[in-house]
Amino acid sequence: MPDNHLVELPFTSSQQTLSLGVELELQVLDQQTLQLTPRAAEILERVDSETFKEEFFQSTLEIVTGVCADVQAVERDLTTALAHARQVSAGLGLALSSTGTHPLADYRDRLITPSPRYNELIDRNQWLIRRMAVYGMHVHLGMASGEECIRYNYFFMSFLPHILALSASSPFWQGMYTGLSSCRPTTYEAMPTAGMPYLVGNWSEFEKLYHFLLRSKAIQSMKDLWWDLRPSPTLGTLELRFCDEPASLAEALGIVAFIHLLAHWFREHEDEWVSARTPLKHWIFRENKWRAIRYGLDAEVVVTRNGKTKLLRKDIADWLKTLRPYAAKMGYEKYLSVIQDILKRGTSSTRQHEVFVQRNDLGAVTKHNVQEFVTGMPQWS
């Protein structure tokens, strides 16, 4: 069969462009010890299967929203789902938390959810995938076409460090302070089909890349592409997959609002964005991601191809000013106020580290994380 037949990859146009979908990965904890426990299946037996999903590890519960027109709809969806999850969990002697890593958990103790696909992943990736006992938030943006998806993909590559730094909630790994604002991404980047996506210029190039990966047996389906950003052709979305799981609902909604406002800004200013900026090299995107992983909001990111840098915290603040008219139009001011607070007072990683410094007790850090999840709000000292 000719190659031009092999490379066709239909993209299902979203019924509403720039619609939203959000996926949250939650930690399932024993209520008394606040340690991870492989009992997500017990929760799943008692909740709606359209909203709650199993995940790779039995100590993970995934919550998936419906297709939402705006962040207000996401908030209504998640508020209902999270309240139900907390109620069911409490009845089972369980608690929930939502940071990128559990401060004390040892990945070697995690149990895999029985599944043919998960068994195949273990067989192929072995120890690498067993380490991925981490938790993240995925955000879907509705796209009109594959071509549009690629353009937005490239745009959001420039904002990956901004969004990752705001979500940072994984400073601890197996009982150790890592010195990183976000250690979760490092577990993914060891995987051959995870981490930074390969850059392509248009949808046709993506089709060719995708089918080469299939023919070469690098992947078996789109599900095996665990890139930080990836097109989801069957859903008609661009999926942003690089966030740590936010520690509170307020932070999750603030980050989703920031993403949504950037997408709306780009829709009206794409020509201006393209003409004013020389495209950054792949290595610069990679360097900026690393700086966000290491330093969080205190990172200096490279903003031009000649090496000019800018404090990430300052760049986010400048973009919040640019996005202010869009926030007013869409009623997102309260969501962006949380982003302003994070810039001034610190991320979940900052808060966790402060608790650890004050108490020298990772159990206290875990209790702090659970409390933020229950209240739905960040709690600064």
Side-chain angles (χ1 to χ4, degrees), residues 24-40 42-43 55 57-63 78-79 81-111 133-137 166-184 187 243-255 296 338 341-342 344-381:
L24 304 180
E25 296 170 349
L26 307 182
Q27 303 166 21
V28 179
L29 312 177
D30 179 271
Q31 203 172 69
Q32 299 301 315
T33 67
L34 298 186
Q35 295 294 321
L36 287 171
T37 184
R39 296 176 61 190
E42 296 176 45
I43 301 174
E55 258 293 342
F57 291 103
Q58 294 182 38
S59 49
T60 305
L61 177 69
E62 183 177 52
I63 294 181
L78 289 178
T79 299
L82 289 170
H84 188 36
R86 286 195 295 268
Q87 180 184 28
V88 171
S89 299
L92 293 167
L94 300 171
L96 300 171
S97 188
S98 65
T99 50
T101 57
H102 185 289
L104 284 163
D106 189 329
Y107 70 85
R108 291 169 294 187
D109 297 333
R110 306 283 69 80
L111 298 180
V134 293
Y135 303 83
M137 176 175 75
L166 288 169
S167 74
S169 63
S170 56
F172 295 101
W173 177 248
Q174 298 197 108
M176 182 180 72
Y177 177 59
T178 64
L180 305 179
S181 183
S182 175
C183 77
R184 171 187 169 272
T187 65
C243 289
D244 275 5
E245 176 60 37
S248 65
L249 177 59
E251 289 167 286
L253 295 173
I255 292 165
V338 178
D341 286 341
I342 294 172
K344 294 175 184 176
R345 306 181 70 182
T347 64
S348 169
S349 285
T350 304
R351 301 193 300 273
Q352 291 182 58
H353 187 238
E354 287 176 352
V355 172
F356 181 66
V357 169
Q358 292 166 5
R359 303 285 297 276
N360 194 30
D361 179 8
L362 285 178
V365 176
T366 304
K367 289 179 182 178
H368 166 85
N369 294 344
V370 171
Q371 186 63 24
E372 287 196 332
F373 176 80
V374 170
T375 63
M377 294 294 297
Q379 298 185 1
W380 289 280
S381 59

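The first residue in the sequence is number 1, and the count goes up from there. Note that the coordinates shown come from a computational prediction; the quantities given were computed from them, not determined experimentally.
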Quiz item: In Å, rounded to the nearest 0.5 Å, how long is the span from CZ of F57 to CG of L36?
Solution: 10.0 Å
Quiz item: Do the side chain of H102 and the main chain of L34 share a donor and acceptor less than 3.5 angstrom apart?
Solution: yes
Quiz item: Just how far is it from atom OG1 of T60 to atom CG of L24, taken to the nearest 0.5 Å?
Solution: 12.5 Å
Practice problem: Decide yes or no for N369 and Q27: does some side-chain heavy atom of the first lie under 4.5 Å from some side-chain heavy atom of the second? | Solution: no
Quiz prompt | Considering all heavy atoms, the nearest V134-W173 contact | solution = CG1-CZ3, 3.8 Å
Exercise. Could you pull out the closest heavy-atom pair between Q352 and S169, with the gap in Å?
Key: NE2-O, 3.1 Å
Quiz prompt | Separation between CG of D341 and CD of E251, rounded to the nearest 0.5 Å | solution = 9.5 Å
Self-check item: Nearest-0.5 Å distance, OG1 of residue T79 to CG of residue L249
Solution: 5.0 Å
Quiz item: For the residue pair L29 and S97, what are the closest heavy atoms and their distance?
Solution: CD1-CB, 3.8 Å
Exercise. Would you please name every residue forming a side-chain contact (heavy atoms from CB on, under 4.5 Å) with M176, sequence neighbours left out?
Key: none
Quiz item: Judged by atom type as modelled, is there a donor-acceptor pair below 3.5 Å linking the side chain of T99 to the main-chain atoms of A247?
Solution: no
Quiz item: Quick check: does any side chain N or O of T347 sit under 3.5 Å from a backbone N or O of L166, one acting as donor and the other as acceptor?
Solution: no
Quiz prompt | Mutual orientation of the aromatic rings belonging to F356 and F172 [parallel < 30°, tilted 30-60°, perpendicular > 60°] | solution = perpendicular
Quiz item: Of the options Q31, Q32, R39, R86, which is the one that meets L94 in a side-chain contact (heavy atoms from CB on, under 4.5 Å)?
Solution: R39
Self-check item: Donor-acceptor under 3.5 Å (S248 side chain, E372 main chain)
Solution: no
Quiz item: If every non-hydrogen atom of L26 is compared with every non-hydrogen atom of S98, which pair is closest and at what distance?
Solution: CD2-CB, 3.8 Å
Exercise. Hey, could you give me the CZ/CD distance between R359 and E354, rounded to the nearest 0.5 Å?
Key: 14.0 Å
Practice problem: Could you tell me whether a side-chain N or O of S170 sits under 3.5 Å from a main-chain N or O of G100, the two making a donor and an acceptor? | Solution: no
Exercise. Please step through side chain to side chain contact (heavy atoms under 4.5 Å, CB included) for the pair Y177 and C183, ending with a clear verdict.
Key: CA-CA 10 Å; Y177 177 59; C183 77; over 6 Å; no
Quiz item: Hey, what do you get for CZ (R351) to CD (Q379), rounding to the nearest 0.5 Å?
Solution: 8.5 Å
Quiz item: Can you name the closest pair of heavy atoms from A252 and M137 and give their distance?
Solution: CB-SD, 3.9 Å
Practice problem: Mind listing the closest non-hydrogen atom pair of V365 and P103 along with its distance? | Solution: CG1-CG, 3.9 Å
Practice problem: Check whether any side-chain heavy atom of V338 lies under 4.5 Å from a side-chain heavy atom of L253, and answer yes or no. | Solution: no
Quiz item: Donor-acceptor pair, E245 side chain versus E25 backbone, under 3.5 Å?
Solution: yes
Quiz item: Just by modelled atom types, is the A168 backbone N or O under 3.5 Å from a matching donor or acceptor in the S349 side chain?
Solution: yes
Quiz prompt | side-chain contact (heavy atoms from CB on, under 4.5 Å) partner of T366, the single match among T33, L104, V355, D361 | solution = L104
